[in-house]
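Structure first, then comments.
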Amino acid sequence: MEGKECRAGMLSLLVVGACSAVSLGIRADSCKDVSMQNETPSVDQPFAFNCTYPPLTSGKVHVTWYKYPNRTPISKNMQSRIHQYRNWILFLPLALGDSGIYQCVINDTNMCHSIHVNLTALKKQWCGPSRKGQLDLADEYKQILYVGKDDSLTCHLNFPKSWNLDLIEWYKDCKEIKGERYTSLRMKLSVKNVSVEDRGNYACLARLTHAGKQYSVLNSIMVTVTEKPVFGGRIPKIIYPKNNSIEVKPGSTLIVDCNITDTMGNTNLRCWRVNNTLVDVYYSESKRIREGIENYTYFQDHNFYTMNITFLEVKMEDYGLPFTCHAGVSAAYFILKLPDPDFQAYLIGGLLILTCVMATIVCIHNIFKIDIVLWYRSAFHSAGTTEDGKLYDAYVLYPKTQREIQSHNVDTLVLKFLPEVLERQCGYRLFIFGRDEFPGQAVANAIDENIKLCRRLIIVLVPDLLSFDLLNNMSEEQIAVYNALIQDGIKVILIELEKIKDYTVMPESIQYIKQKYGALQWSGDFTEQSQCAKTKFWKKVRYHMPPKRYPPSSPNQLLKHMPCDLTAG
Ligand SMILES: *[C@@H]1O[C@H](CO)[C@@H](O)[C@H](O)[C@H]1NC(C)=O
Ligand SMILES: *[C@@H]1O[C@H](CO)[C@@H](O)[C@H](O)[C@H]1NC(C)=O
Ligand SMILES: *[C@@H]1O[C@H](CO)[C@@H](O)[C@H](O)[C@H]1NC(C)=O
Ligand SMILES: *[C@@H]1O[C@H](CO)[C@@H](O)[C@H](O)[C@H]1NC(C)=O
Ligand SMILES: *[C@@H]1O[C@H](CO)[C@@H](O)[C@H](O)[C@H]1NC(C)=O
Ligand SMILES: *[C@@H]1O[C@H](CO)[C@@H](O)[C@H](O)[C@H]1NC(C)=O
């Protein structure tokens, strides 16, 4: 019983021990090996290798470099000749003794992968007497040119992006390459119309600047020349552009991608051309339109390339010109097109203009309404009379005040100015209460009968409450008559001799009339100038008077009649 318990305890201890040994132990060995790569760089120059494993490049990963079978990680000290920088292992420069297996361990929170690199440092005898050592060259050091085509060579230089690579020079059989058939563009050398003579030993030489130090990197490339493509004749496929047009506004910035899929290990030249010239050459002066740097993604059975073209500013001369993306023998272009006029903008613009025009018309109408109506009446003044059974154009009603000055002013306006302007100058006929009724006629009757013979009712008001008592007193029925008149549709013209501030003291009928028809305020003085039909005040009165269809009937009036209707402006 006791021994059994003891054995169980020992067993569990053992299990725990084994477990901790595994978890603490050589993690790298428990990682999944994903690849083994061979690298054959040259000694005495910088070499860099990026630890990438496509499915893991996103997210937070932890990368450590080891030199197999050493268990201590490679130093991260930048001063060290061999050190790790981000995911990279750097040799600054590479020495012969650095050959060996390097291991990069990619640690994710729940995964672990390792990549092995079999590095063989070679002493390449560039231009030396013997070049026999280069037997096991990687693909990038062996390239193929196709006879009879335009083709290209690529200088494979992989260094961290922050490092500056420039001054790429190309050599063939130890001589610098020059001539019309060659164009050096960043990492590429394009060769026009390849011939058999183009085979040989090439080299690309680049200057590398990092942390203030300069290094030279030279890659030799063994170039063979062949008649037909070896990759099963598969041609690169341009996914975009598709010989399409792109709508763009002049002056805007435009970036268009060329997306290509191609076989692994192809040597096709990919570029943007316009009028059969490389874009960067065509716009070499202005640099307004530029080709972007090629980006690539490796997939299992093919490569995907993206290379954009940037228009810093689209100009009119760019429209209708095909911009062609080339990938080996494949080509596809796009053409720029002016955008369709923006109908919405036009619509809004049109509506705005219409609104402005309408507002202006309303404004003009409000300002010149009276002049326009008066002008119209005089211009299209019909000589014919429409008989409406009325005798007078207006019935004039006014208060008799007891205040001397006010009384004088009211009398001047009603008995002098009104007849002068409306009767003499404009040919209207007025019935002025107190002037025109027959003698002996009953007041109520006079009002009632005559008012029915009038087309308008003019009421002159003074702000004095007393005077209205008078008006009130004098013709209580009169007010009732107004109401009847209003129902008859006879229009009322209220003339305030002075500004009346408070209508609430006025009889209700007056308040009603004021509300319905508004009031005109006497604006003149009592001099001769105020007796002209052309003044603002009289124009307003005339505007409210009926259109004059009745020529002045009395010969007396006719003689003195002035053509006031023709002077509306
Ligand atoms: C190097 O690898 C990292 C991730 O592994 C990747 O994000 C980066 O783009 C690579 N750099 C180059 C120049 O390929
Ligand atoms: C590494 O590559 C060299 C030649 O480049 C080869 O001889 C050697 O066997 C390789 N080592 C491994 C472990 O694959
Ligand atoms: C081209 O490829 C890039 C990268 O995959 C993508 O972002 C872009 O949308 C593609 N462009 C076109 C026009 O298909
Ligand atoms: C296009 O190139 C041809 C010669 O290859 C030249 O004659 C023509 O003027 C060029 N057109 C433009 C728009 O540059
Ligand atoms: C265009 O290519 C350049 C590299 O040449 C790159 O920096 C830029 O982000 C690309 N623009 C777009 C919109 O893809
Ligand atoms: C686009 O035009 C090129 C010629 O510039 C032609 O070779 C290609 O077949 C065309 N592609 C399509 C999809 O029409």
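For ligands, and for the atoms within them, numbers begin at 1 and follow the listed sequence.
In this pair, Tyr68 and His116 present their aromatic rings perpendicular. The plane angle is above 60°, beyond the 30 to 60° band.
Atom 13 (C) of ligand 6 has as its closest protein heavy atom Asn243 ND2, 4.2 Å. At the shortest separation from atom 5 (O) of ligand 6 among protein heavy atoms lies Tyr333 CD2, 3.5 Å. With hydrogens left out, the protein atom closest to atom 7 (O) of ligand 6 is Ala331 O, 4.1 Å, a heavy atom. Of all protein heavy atoms, the one lying nearest to atom 14 (O) of ligand 5 is Asn308 ND2, 3.4 Å.
With 2.5 angstrom as the limit on SG-SG distance, Cys325 and Cys271 do not come in below it.
Interface of Gly292 with ligand 5, defined as ligand atoms under 4.0 Å from a residue heavy atom, comprises 5 (O).
Per-atom contact check: atom 2 (O) of ligand 5 touches the protein, criterion being a heavy-atom distance below 4.0 Å.
Distances between N or O atoms of Thr324 and those of ligand 6 include no value under 3.5 Å. The distance criterion of under 3.5 Å between nitrogen or oxygen atoms is not met by Thr40 with respect to ligand 2.
Proximity of Ile101 to ligand 2, defined as any heavy-atom pair under 4.0 Å, is confined to the side chain (atoms from C-beta onward). Contact annotation for Ile293 and ligand 5: heavy atoms of both the backbone and the side chain come within less than 4.0 Å of the ligand.
In plain terms, the two heavy atoms of Val63 and Gln84 that are nearest each other are O-NE2, 2.9 Å.
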